[in-house]
Amino acid sequence: MRSLARRWPRFGYRRVARLLRDEGWNASETRILRLWRREGLKVPRKRRKKRGRGISANACDRRPATKPCDVWAWDFTFDRTTTGSQLKWLSLIDEFTRECLVLKVDRSLTAEDLIDTLAEQFAMRDVPRAIRSDNGPEFAVKALKSWLTKLGLEPL
């Protein structure tokens with residue numbers, strides 16, 4: 001039983017019992033279970049694959065803002081009204097001063113809305129060196145990425 005458990009670690013006691021019976025051992029499944037437990041055998045838990053969480057070189061502690069309008073950070077927050085309709089919040093802050101530059105709320109925010117909001121902020125203030133965001137699905141927009149690279153902004 002131990003050699004079978006070592007050979008196939010993902011097999012449980014029922015499958016090992018079947019293999020033992022195929023080899024000619026005459027033992028019931030409950031007896032195999034009792035011996036399985038006495039030997040301390042267990043099927044190892046499956047480990048979840050760790051998701052890629054971006055590049056650690058772009059972390060806040062490794063690439064901090066050194067002056068105002070150096071690094072901006074943005075994120076989306078979702079909420080629901082009492083009637084059940086969705087609200088989407090865009091928050092944009094300056095990491096150095098911790099000033100909230102934009103807090104925009106709408107039922108839906110498209111990539112064009114985001115580009116317009118950023119262009120408005122770039123006109124009112126300087127263009128930052130970099131913009132930091134999480135790896136959420138809302139930042140996987142090709143139009144936004146190409147617009148930021150045209151401006152020479154470094155995404156973190």
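Remember, it's a predicted structure, so these values are computed and weren't measured experimentally.
Taking each heavy atom of Phe78 and Gln86 in turn, the nearest pair found is CD2-NE2, 2.9 Å. When all heavy atoms of Pro9 and Pro44 are compared, the closest pair comes out as O-CD, 3.2 Å. Of all heavy-atom pairs spanning Val43 and Gly12, the tightest one is CG2-CA, 3.6 Å.
When the side chains of ILVMFWY residues are joined at heavy-atom separations under 4.5 Å, either directly or via intervening members, Val127 and Phe96 end up in two distinct hydrophobic clusters. Trp89 and Leu114 fall into different hydrophobic clusters, where Ile, Leu, Val, Met, Phe, Trp and Tyr residues are linked whenever their side-chain heavy atoms come under 4.5 Å apart, directly or through other members. With hydrophobic clusters built from ILVMFWY side chains whose heavy atoms lie under 4.5 angstrom apart, Trp74 does not share a cluster with Ile93.
Residues Tyr13 and Leu35 are not in side-chain contact: their nearest non-hydrogen atoms beyond the backbone lie 4.5 Å or more apart. By the 4.5 Å heavy-atom criterion applied to side chains, Ile32 and Met1 are counted as neighbours.
Under a 3.5 Å cut-off, the side chain of Asp94 and the backbone N or O of Pro68 do not form any donor-acceptor pair. No side-chain donor-acceptor contact under 3.5 Å links Arg37 to the backbone of Lys42.
No more than 12 heavy-atom neighbours from other residues, nucleotides or ligands sit within 6.0 angstrom of CG on Asn26. Counted within 6.0 Å of CZ on Arg7, heavy atoms from surrounding residues, nucleotides or ligands total 12 or fewer; the atom is thus considered open. Around CZ of Arg31, the count of heavy atoms belonging to other residues, nucleotides or ligands within 6.0 Å does not exceed 12.
Residue pairs meeting the ring-ring contact (aromatic ring centres under 6.0 Å, His included) criterion with at least one partner in residues 98-125, sequence neighbours excluded, are Trp72-Phe122, Phe122-Trp147.
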>> Under the criterion side-chain contact (heavy atoms from CB on, under 4.5 Å), I'd like the reasoning laid out for Lys46 against Arg10: C-alpha separation, chi angles, the key distance, then a yes or no.
In response: CA-CA 9 Å; Lys46 277 192 170 182; Arg10 299 292 310 154; 3.3 Å; yes
> Do Ile131 and Val71 pass the side-chain contact (heavy atoms from CB on, under 4.5 Å) test, and can you show the C-alpha distance, the side-chain angles, and the key distance before you say yes or no?
Replying inline: CA-CA 6 Å; Ile131 293 185; Val71 178; over 6 Å; no
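Under a 4.0 Å N-O distance rule, the pair Arg18/Glu23 does not qualify as a salt bridge.
With sequence neighbours excluded, the residues satisfying ring-ring contact (aromatic ring centres under 6.0 Å, His included) with Trp8 are Phe11.
Put simply, the residue from Arg132, Arg129, Arg125 that forms a salt bridge (charged side-chain N to carboxylate O under 4.0 Å, His left out) with Asp70 is Arg129. Put simply, the residue from Arg21, Arg15, Arg34 that forms a salt bridge (charged side-chain N to carboxylate O under 4.0 Å, His left out) with Glu29 is Arg21.
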Quick one: side chains of residues 97-111, donor-acceptor pairs under 3.5 Å with protein atoms, not counting sequence neighbours, listed by atom name and distance.
residue : atom : partner : partner atom : Å
Thr97   : OG1  : Glu99   : N            : 3.4
Lys104  : NZ   : Thr117  : OG1          : 3.2
Arg107  : NH1  : Ser85   : OG           : 2.7
Thr110  : OG1  : Glu112  : OE1          : 3.4
Thr110  : OG1  : Asp113  : N            : 3.3
Thr110  : OG1  : Asp113  : OD2          : 3.3

